[in-house]
Amino acid sequence: MSARRAPMAAPGPSAAWHGLWRSVGYNRILRLDPDGYTLYTASASHACVVEQGSAREFRDAFDRVGLDHARGRLTLHHAHDLTRYEFERWPSWDARCRLHESRCDDARTNFEAFREVFAENYAFFERRRIDWKALCASVQPRIAGAASLETLLDALEALIAPLADLHVYVATPARKVRCASSARGPRAALQALFGLPTPMLSARSSVEAIAGRLRETLLRDFAGTLGNFRQAGNGVLAWGTLCPDIGYLSLLRMFGFASSEMARRADDLPHRLSEAGPFMGEDMTALARILDDALNDLSMHKALIIDARLNGGGFDRAGMLLCERLIDEPRVAYTKKARWRDGFTEPQAFTLTPARGTRFSRPVFLLTSALTVSAGEVFALAMSALPRVTLLGEPTQGILSDNLFHRLPCGWEVSLSNEVYECLLGHCYEAEGVPPAERLPQLGSADLLSDLRAGLRIAADRASAI
């Protein structure tokens, strides 16, 4: 009987990758060595360690890693994700960029680090009509002298409010500030309608509250015809026959599909890359199985309504997987680029490839609203590029950029928008939302449930008329 071999340790980063690298856009510095990696967030003058990992964690965090010898760049993806990131070799640490190896609570230092990372990376000052330099000058007197971190947080809250961007926030261990008050859509009415603990639709509690009452609220007008109604992916997806020959698929967010405890409880995507990779891999595998089940059930219908009006976002790739069930040949869905130096990185084109699993090849109607956010909007953008898809409803929220996370010297996490998504005609929908082909009556706060039901009835009429 032969002896069992001990599991081999995951190999570390290739020797050719060892060293220090500075990202093209995205304010990252990456150090690779045989034992693993260290990832820093960095502006021109300030840097902080945000993540360190072993060789095995490196393999969990990144994939498709290699050297572009022609351009002298390291290229990689976050594991299982879509975006390609590029890094230029950094011969040595730039003395002008101070590495905060321990926590720094000086309010002025942190204010300067915050001001700088937005000045270097935020992509939409002009689109949102913001003079960042003047805005910072107006707020800076609040932190003169021996200001506390609480005073700093109040100043930063005032600084981000005019951006009206839901992807912008500052998170401390005790408090998170964002400019949610300027969000479009009847959020207070939505919270009251479903008894949500928070108006943020990505929260697990929000998904549970809406999914648990979907039939009795949103689908009540179709109680006499609704058939083969099923829910899956921890309640994130629901589908069935809405009325004769018309299928219905509801999608409440773009993550949390897997049967793991982590997926079932998740309020947000993991921020640590070595956790996000395995999480996403399990989620996409689960979603593919669910889509097979759903489209097998819906394949006999002459049209399909996909309802993303209450979609809290998540992984862009989830929406792409669904789009790939609706095409017969490869199609470019959109492009995106990131803020870098005085301009932008080279645009990346994202191509849809027909799925090997069950597909739906008849007309599709996608319902959107101002409550469709983030990756839900990227899904709408990709769907707008498909020939058999018609968007109905109202423009989405207008926050398509991925969150760019940054660590301040005091340890606080900052999120901002640095990416420009563009449709095939080159238009960016940030701050205005992906528009529908046909506008339906706007969702209002006076009787939100009636408005939601009315939009679904109109979509059913459009689909039935085919």
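Because the structure is a prediction, the values reported are computed rather than measured.
- Counting only distance, with no hydrogens or angles, the side chain of D283 and the backbone of G256 share a donor-acceptor pair below 3.5 Å.
- No side-chain donor-acceptor contact under 3.5 Å links Q191 to the backbone of A188.
- A salt bridge is absent between R22 and E88; no separation between the charged side-chain nitrogens and carboxylate oxygens falls under 4.0 Å.
- Defined by atom type and a distance below 3.5 Å, a donor-acceptor pair is missing between the side-chain atoms of H80 and D63.
- In this structure, the side chains of Q52 and Y37 stay at 4.5 Å or more apart for every pair of heavy atoms.
- Side-chain contact check for D165 and Y122: at least one donor-acceptor pair (N or O, by modelled atom type) lies under 3.5 Å.
- Salt bridge annotation for R230-D297: present, with a cationic side-chain nitrogen under 4.0 angstrom from a carboxylate oxygen.
- A salt bridge is defined here as a Lys NZ or Arg NE, NH1 or NH2 lying under 4.0 Å from an Asp or Glu carboxylate O, and D33 with R31 fails to meet this definition.
- Here the two rings, on F229 and W239, have centers that are 6.0 Å apart or farther.
- The pair E422-K337 meets the salt-bridge criterion, since a charged nitrogen lies less than 4.0 angstrom from a carboxylate oxygen.
- At a cut-off of 3.5 Å, with distance as the only test, no side-chain donor of K336 or S401 sits close to an acceptor on the other residue.
- In this structure, R253 forms a cation-pi arrangement with F255, its terminal cationic atom sitting closer than 6.0 Å to the ring centre and no more than 45° off the ring axis.
- Side-chain polar atoms of N296 and T358 form a donor-acceptor pair below 3.5 angstrom.
- Taking the charged nitrogens against the carboxylate oxygens, R272 and E57 do have a contact shorter than 4.0 Å, which makes a salt bridge.
- Taking 4.0 Å as the cut-off between side-chain N and carboxylate O, D292 and R325 count as a salt-bridged pair.
- Side chain of T285 to main chain of G281: a donor-acceptor pair is present (N/O by atom type, distance under 3.5 Å, no hydrogens or angles).
- A donor atom on one side chain and an acceptor atom on the other are found under 3.5 Å apart for Y26 and E419.
- At a threshold of 4.0 Å, the pair E86-R84 counts as salt-bridged, since one of the basic side-chain nitrogens sits closer than that to a carboxylate oxygen.
- Side-chain atoms of Y421 and D316 include a donor-acceptor pair closer than 3.5 Å.
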Solution key, residues 154-161 side-chain donor-acceptor pairs under 3.5 Å, sequence neighbours excluded:
from	atom 1	to	atom 2	distance (Å)
D154	OD1	R175	NH1	3.2
D154	OD1	R175	NH2	3.2
E157	OE1	R175	NH2	2.9

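- Judged purely by atom type and a 3.5 angstrom limit, R127 uses its side chain to pair as donor or acceptor with the backbone of C428.
- Residues D68 and T75 bring no donor and acceptor atom of their side chains to less than 3.5 Å of each other.
- A salt bridge does not link E413 with K176: every distance from a Lys NZ or Arg NE/NH1/NH2 to an Asp or Glu carboxylate oxygen is 4.0 Å or more.
- In the model, E116 has a side-chain atom that pairs as donor or acceptor with a side-chain atom of S45 under 3.5 Å.
- The aromatic rings of H100 and H46 lie parallel to each other, with less than 30° between the two planes, well short of the 60° mark.
- The aromatic rings of H78 and F62 are tilted relative to each other, their planes meeting at an angle between 30° and 60°.
- For Y40 and W93, the ring centers sit closer than 6.0 Å to each other.
- Between the side chains of H167 and Q397, no donor-acceptor pair of N or O atoms lies under 3.5 Å.
- With salt bridges taken as basic N to acidic carboxylate O contacts below 4.0 Å, one links R265 and E261.
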After noting the C-alpha distance and the side-chain angles of Y429 and E377, does the key distance pass the side-chain contact (heavy atoms from CB on, under 4.5 Å) rule? CA-CA 9 Å; Y429 294 112; E377 303 183 72; over 6 Å; no
